[in-house]
Amino acid sequence: MDIIVLTKRVPVTQEEELKIAPDGTSVDLSRVPFRMNDWDNYAVEEAVRLCEKQGGVITGVSIGDMESDEVLRRAIAMGAKDGCLIESQGVVNDPFTRALLLKGFIEKENLSFNMIFGGVQAEDDQFGVTCGILAAMLGLPFASMVIGIDEIQNDAIILRRELEGGIQERIKIKMPCVLSIQSGINEPRYVSIMGIRKASKVERKYFKADKYLDGGAGSLIDVIRWFYPPKKEGAVILQGELEDTCKQLLGILKEKGVLQ
Amino acid sequence: MQEQAASRVLVCIQCGKCTGGCPESGRTPFNIRMLMRKRQFKYAIEEALPWYCTACNTCTLRCPRDVKPSEVVIEIRSSMVENGDIPVTIQKALESTFVQKNPWGKPRSKRGDWAEKLDFKVPHISETEHKRLLFSCCIHAYDPRCMVIPVNVATILNKAGYEFGILGEEECCCGNEIRRIGELGLFEELMEENKANFEEYGVKEIIALSPHCMNTMKNEYGDMGIKVMHYTEVLSNLIKEGALKTERPLKGGIIYHDPCFLGKQNKVFVEPRDILKSLNNVEVREFARSRETSLCCEGGGGRMFFDVEVPYQRNGEIRVADAQKAGADTIATACPFCLMNLEDPAKEKGLFVKDISEILMEVI
Amino acid sequence: MSYTLIISEVRRGVFEERNLDSLGLAHMLKKPVYMLLPDGQYPVNERWSDVLIKTDIKEELFTAPKNICLLLDKVIERFSMPDVIILTHSSSGTECASYIAGYFKLPVITDVNGMDKDAKTFYKSYYSDKVYGEFAVPGQGPVVITVRSGAFRGSIEERTHASKEETIVGVFLDSDRAFIEFVEEEKTEIDITKAEFLVSVGRGVGNKDELPAYDELTGVLNATLSCSRPVVDKLWLPKARQVGQSGKTVRPKVYLAMGISGAFQHIAGMKDSECIIAVNKDPEAPIFQYAHYGIVGDMNKVRDKLKELLKG
């Protein structure tokens, strides 16, 4: 069972107040730390668990600048055999272009695989489509939001996809295939600093992105401007006697759609 | 340090002095003597057990054979860390520390924001004459309740004319808890980063706001040629020298709770009490369990990030009840973890928990 | 021909409400609206779209990514390529959108929550809604979009005429991916992370005897009861209900915090809730800094009054 796992290095912005440049053309991430995309972390863990049971090797692949080497080291520390970095000029915002790059890379470098894993989405752009586009381009079957792998058969895999409202669907999908892995499918192991130091000794491979685009399609979509979403209002203290405030409270619950 | 602990565990005679002083043994599934036994004979250890230890160090201080049980706990945790199999909340704290240099996962860029609450400007350490560094600690930098402490201490030092500086967002977690969680690689990384800053800016003295930071920088960072002190030591001196006057009277009975990392682990018993005794009108009371035998608040050794599954009466509640029996209405302490763990149960009983810096702010 | 195509989502025989946002956006685009529907017996308002394209494909096969592409081949053959293809931003909606983009080589923008007035660019959230990006599609060609639930349903305008009906049957379906069954997620114990509405009690509840009345309150509110750490420490509620750094992280639509002061560790577990309402007798309680709405008052009195109002 050979698995390619797509990993992305993303800024950790949950607690940050992000600043947009005055002309709206960029978001300042200069003081924000980065790490492996959380969903990819689950994808790597799932691949490692599968290969521990079934045998096979895992190759981590990432698109980005040299800093993205960090997520490959982490993937190796978790159990990947090696890591490949597709070095791009600047950030690739369009998921279509990312998928095109990955397709070119996998085909030109003759990467062999039974499955390709990625996270459901990246924490930064939250597009959630790179794996699906890649699957269609490669002509492979695809399933997203994979929340459980139930059985591996000879040429197929039985898995569960997460739907809305506490429902899952169980499907059978032929291999080779592309799966996007949902968070919560497993509990990713902790990777210690000593583990990462050891992984740093495994050689990673570096490739230039321009080789894989065939001079073709640039981005199909462009970000023309960044802007702040409408501001949330501050805490409103409900005023009045007990009965009034409670009535207002019930009104809010209705407005939010949790009370009929 | 690991190897030393491994070899010492074999000389354990199972006398049980460790268990006798342990704040967790007997009340939770944790039993430090039995843990040493299991380690001696390499028996399997239930995975939740090592995480009960609060790293208060009482066992190590009481051990007649110098087994250092608290170091053995770190060794056990360390192998769990290297295997990647640790409680998920501890894992989050470690990953946050790796990324943001604090276990709470707050942005590093906001680490120095507390200083904006001051009505004067604290210089960066590089701009100071005496190179005295006020080391804020992660929890003081980010927790809204604890943030008053650096603000207070900075205000008091400024008032006393004691020059100091800060590192702002260059400061990173001291690693005291990280080492006790068993993540020795990460501890080293944090230590190296802090030490590099200390060296670059020629730090001569460190005023640590948390006893936990003080402990690791003083005892585990190796010889840096820097004098590391807790802020109560500095303030006590300033009061003695007359640079700081405690004028306004306070009412009521104050009882002092010794933080483990300040008291029993670093023998700073006198200075905090001296500060309290310098206050007008105040009766300073003592717990029956005080100084070396002070009852741990259960905030150390990673316990701020790990909740045990088994419910039991928390030491904080016992401590508050004891304070009430002793006739105190305010519990004074000098550690953010103690403050956090005592305050909630105290509120319920109508008692106050205050950091010594908060009490000083009321009287100067 | 110029038109907007909606790929609807029907789940277990129900036309999902989030389709309304696809319809809302389609109406804003001011072009004929064609809506593609799976087989089944479910009501759809006939004045929402101009053309309903019915198929004989069962819902669970309709939303499989390759199948939808094979079906689209037929749609395009019959009606030409649509200008915009809209899906819901859901598990299957996004899955299909990505595959369509790869299959037909089309640009795709997901989780769209706004559009400029000329309908030339689309807004999409980045970094968990901290900033929005405005996206242009330079190629002028068709674009695939998934819409955020709740973003456009207000823009629906009913047509004056009922929609025309078209039918596509006999699509040769994909055999590489087969549907087996729907499964309910396992529920071992109460899972507060899945609740849309949490009523959370803290130390302020006072004593254990007050808790049954909160059970009653959550019963009439159709909410789930959760709590802060001290309540678990006292054995008043099980650990599975604890919110916070050492408990569960929750993101409900509404988090009603009663008698919770808002310790740092608790906030870490609930700050991302869509709407936070705090009830606390201490006006200085830190929880008010994180809440959207607050009531300064005794939680038990608020509880009783709410119950009274709801029953009355």
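In this text, all values refer to a predicted model and were calculated from it rather than measured experimentally. Chain naming here is simple, since letters A, B, ... match the order of the sequence lines and numbering starts at 1 in each.
With a 4.5 angstrom heavy-atom cutoff, C/Leu256 touches chain A only via side-chain atoms. For C/Pro138, the parts lying under 4.5 angstrom from a heavy atom of chain A are both the backbone and the side chain. Proximity to chain A involves both the backbone and the side chain of C/Ser125, based on heavy atoms less than 4.5 angstrom apart. For a residue to count as touching a neighbouring chain, one of its non-hydrogen atoms must lie under 4.5 Å from one of that chain's; by this rule C/Ile277 touches chain A with the side chain only. Neither the backbone nor the side chain of C/Lys66 comes within contact range of chain A; no heavy atom of the residue lies under 4.5 Å from a heavy atom of that chain. Both the backbone and the side chain of C/Lys130 come within contact range of chain A, each with at least one heavy atom under 4.5 Å from a heavy atom of that chain.
The side-chain tip of C/Lys124 points at the ring of A/Phe127 from less than 6.0 angstrom away and within 45° of straight on.
Taking C/Leu221, C/Asn113, C/Asp174, C/Asp111 one by one and counting their heavy-atom pairs under 4.5 Å with chain A, the maximum is reached by C/Leu221. Of the listed residues (C/Ser92, C/Cys69, C/Ala97), the one with the most heavy-atom contacts under 4.5 Å to chain A is C/Ser92. Between chain A and the residues C/Leu309, C/Val137, C/Thr94, the most heavy-atom pairs under 4.5 angstrom are made by C/Leu309. Ranked by heavy-atom pairs under 4.5 Å with chain A, the first of C/Gly114, C/Ala278, C/Cys275, C/Gly102 is C/Gly102. Contact count versus chain C (heavy atoms, under 4.5 Å) is highest, among A/Pro141, A/Gly148, A/Ser144, for A/Ser144. Of the listed residues C/Ile100, C/Asp298, C/Ile180, C/Thr110, the one with more heavy-atom pairs under 4.5 angstrom with chain A than any other is C/Ile180. Counting heavy-atom pairs under 4.5 Å between each of C/Val279, C/Val108, C/Val143, C/Asp272 and chain A puts C/Val108 at the top.
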For this session: Could you please spell out the steps behind the side chain to side chain contact (heavy atoms under 4.5 Å, CB included) verdict for A/Trp226 and C/Glu134?
Result: CA-CA 6 Å; A/Trp226 299 101; C/Glu134 181 172 349; over 6 Å; no
Problem set entry | Evaluation steps, side chain to side chain contact (heavy atoms under 4.5 Å, CB included), between A/Ile252 and C/Val254 | CA-CA 9 Å; A/Ile252 295 164; C/Val254 175; over 6 Å; no
Problem set entry | Verdict with supporting geometry, A/Glu169 and C/Val183, side chain to side chain contact (heavy atoms under 4.5 Å, CB included) | CA-CA 6 Å; A/Glu169 67 170 332; C/Val183 274; over 6 Å; no
Problem set entry | C/Tyr127/A/Leu18 under side chain to side chain contact (heavy atoms under 4.5 Å, CB included): CA gap, chis, key distance, verdict | CA-CA 9 Å; C/Tyr127 310 115; A/Leu18 295 178; 3.5 Å; yes
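With rounding to the nearest 0.5 angstrom, the CD atom of C/Glu181 is 4.5 Å from the CZ atom of A/Arg170.
Residues of residues 10-17 of chain C having a heavy atom under 4.5 Å from any heavy atom of chain A, listed by number: C/Arg11, C/Arg12. The interface of residues 238-246 of chain A with chain C, defined by heavy-atom distances below 4.5 Å, comprises A/Leu238, A/Leu242, A/Glu243, A/Thr245, A/Cys246. Within residues 175-182 of chain A, no residue has a heavy atom under 4.5 Å from a heavy atom of chain C.
Counting non-hydrogen atoms of neighbouring residues, nucleotides and ligands closer than 6.0 angstrom, the CD atom of A/Glu187 reaches no more than 12 such neighbours.
Ion pairing between a basic and an acidic side chain is recognised when a charged N comes within 4.0 Å of a carboxylate O; C/Glu95 and A/Arg161 show such pairing.
Put simply, the side chain of C/Phe197 reaches to within 4.5 Å of the side chain of A/Leu253, judged on heavy atoms.
Two rings, from A/Tyr228 and C/Tyr123, have their centers 6.0 Å or more apart.
Judged as a side chain to side chain contact (heavy atoms under 4.5 Å, CB included), and not counting sequence neighbours, the contacts of C/Ala64 are C/Asn67, C/Arg177.
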